[in-house]
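Worksheet: one structure, shown below.
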Amino acid sequence: MSDSPPPRLPLDWIAASLRRERTRAGISLSELAKRAGIAKSTLSQLEAASGNPSVETLWALGVALGVPFSALVEPPAPSVQVIRAGQGPTVASEKAEFAATLLSASPPGARRDIYHLRAEPGAVRESEPHIPGTVEHLIVGAGRVKAGPAGEEAELEPGDYMTYRGDVAHSYEALTPGTTFVLVMQHL
C-alpha cells in the first residue's frame, strides 16, 4: 500500500453532478442542504467546484437526492475503461482512516456500483442508511475487517464474502493494517 494520499476527485465532476441531480429533483439549493443536513454554504461551494467534500457529505447528498453515491462522483466513461490500482476517483472519510474508490457505477438499466476500499485500524467508519432497497456485497482482499449492520457485524478475512442490507445503519472497521476490500452496492 502506498504512503501517498489518494488522488482527489475532480471537483468539476461533483459540481456538475450535484447541479444535474438537484435540477432533476426540482429542489432548491437551500432545500437540498436542509434535507442533507449540511450547510447551504457547503453545498454552494460544491456546486461551484470548490471545497473538499468528504464521503459523509456526498453520501448525505446522495440520500437526500435519492441517488447512489456514484451518481455524484462518476466521470464520463469511455467505451473501454481501465483503472490502475490507486488511480481511480477516491474520496476519503473525515471520521476514519477509510477511502472509497469508485471502480464502476451502475450503467443505465442496472442498479449497482463497485468500489475498492482501503482502511486502517483506529476508527470505525459508521455508515448511515443508503437509499431504500440497497444491498451491499463485501469481499475482503487483504487484512481483516469487521463489517455489517449494527448488532450483526462479522469479522472477515481475505477471500471472505458477506452480504447485508445497506439501507440500515452499518459499519466497517479495519482490524489489521493494510486492509482492502471490494464493495458491490446493489440498488434494488
So, [X] side chain and [Y] main chain: donor-acceptor pair closer than 3.5 Å or not?
X      : Y      : answer
Asp160 : Val140 : no
Glu155 : Arg144 : no
Thr163 : Glu136 : yes
Glu153 : Gly151 : yes
Ser93  : Val55  : no
Gln186 : Arg111 : no

Quiz item: If you measure from the Lys or Arg side-chain nitrogens to the Asp or Glu carboxylate oxygens, is any gap between Glu97 and Arg118 under 4.0 Å?
Solution: yes
Exercise. Answer yes when Glu126 and Lys95 have at least one side-chain N-carboxylate O distance shorter than 4.0 Å, and no when they do not.
Key: no
Close side-chain approach of [X] to [Y], heavy-atom, < 4.5 Å:
X     : Y      : value
Trp59 : Ser127 : no
Pro89 : Val73  : no
Pro53 : Leu11  : yes

Spacing of [X] atom [atom1] and [Y] atom [atom2] [to the nearest 0.5 Å]:
X      : Y      : atom1 : atom2 : result
Tyr115 : Met185 : OH    : CE    : 5.5 Å
Leu29  : Leu18  : CG    : CG    : 9.5 Å
Leu65  : Arg22  : CG    : CZ    : 9.0 Å
Thr57  : Leu72  : OG1   : CG    : 11.0 Å
Tyr161 : Leu138 : OH    : CG    : 9.5 Å
Ile14  : Arg19  : CD1   : CZ    : 11.5 Å

I need the minimum non-hydrogen distance between [X] and [Y], along with the two atoms involved.
X      : Y      : result
Gly178 : Ala142 : O-CB, 3.8 Å
Gly148 : Met162 : CA-CE, 3.7 Å
Val168 : Pro149 : CG2-CB, 3.9 Å
Thr90  : Ala99  : CG2-CB, 3.8 Å
Ala169 : Pro129 : N-CG, 3.6 Å
Leu61  : Leu46  : CD1-CD1, 3.9 Å

May I ask whether [X] and [Y] are part of the same hydrophobic cluster, defined by side-chain heavy atoms of I, L, V, M, F, W, Y residues being less than 4.5 angstrom apart, directly or through others?
X      : Y      : result
Ile131 : Val184 : no
Leu156 : Leu183 : yes
Val67  : Phe69  : yes

What donor-acceptor contacts under 3.5 angstrom involve side-chain atoms of residues 31-41, with partners at least two apart or in another chain?
residue	atom	partner	partner atom	Å
Glu31	OE2	Arg35	NE	2.9
Lys40	NZ	Ser30	OG	3.2

Practice problem: Under the side-chain hydrogen bond (donor to acceptor under 3.5 Å, both in side chains) rule, collect the residues that match up with Arg24, sequence neighbours excluded. | Solution: Glu21
Quiz prompt | Among Val145, Val124, Thr179, side chain to side chain contact (heavy atoms under 4.5 Å, CB included) partner for Glu173 | solution = Val124
Practice problem: Would you please test His170 and His130 for ring pair (Phe, Tyr, Trp, His ring centres under 6.0 Å) and show each step? | Solution: CA-CA 10 Å; His170 54 284; His130 304 309; 4.9 Å; yes
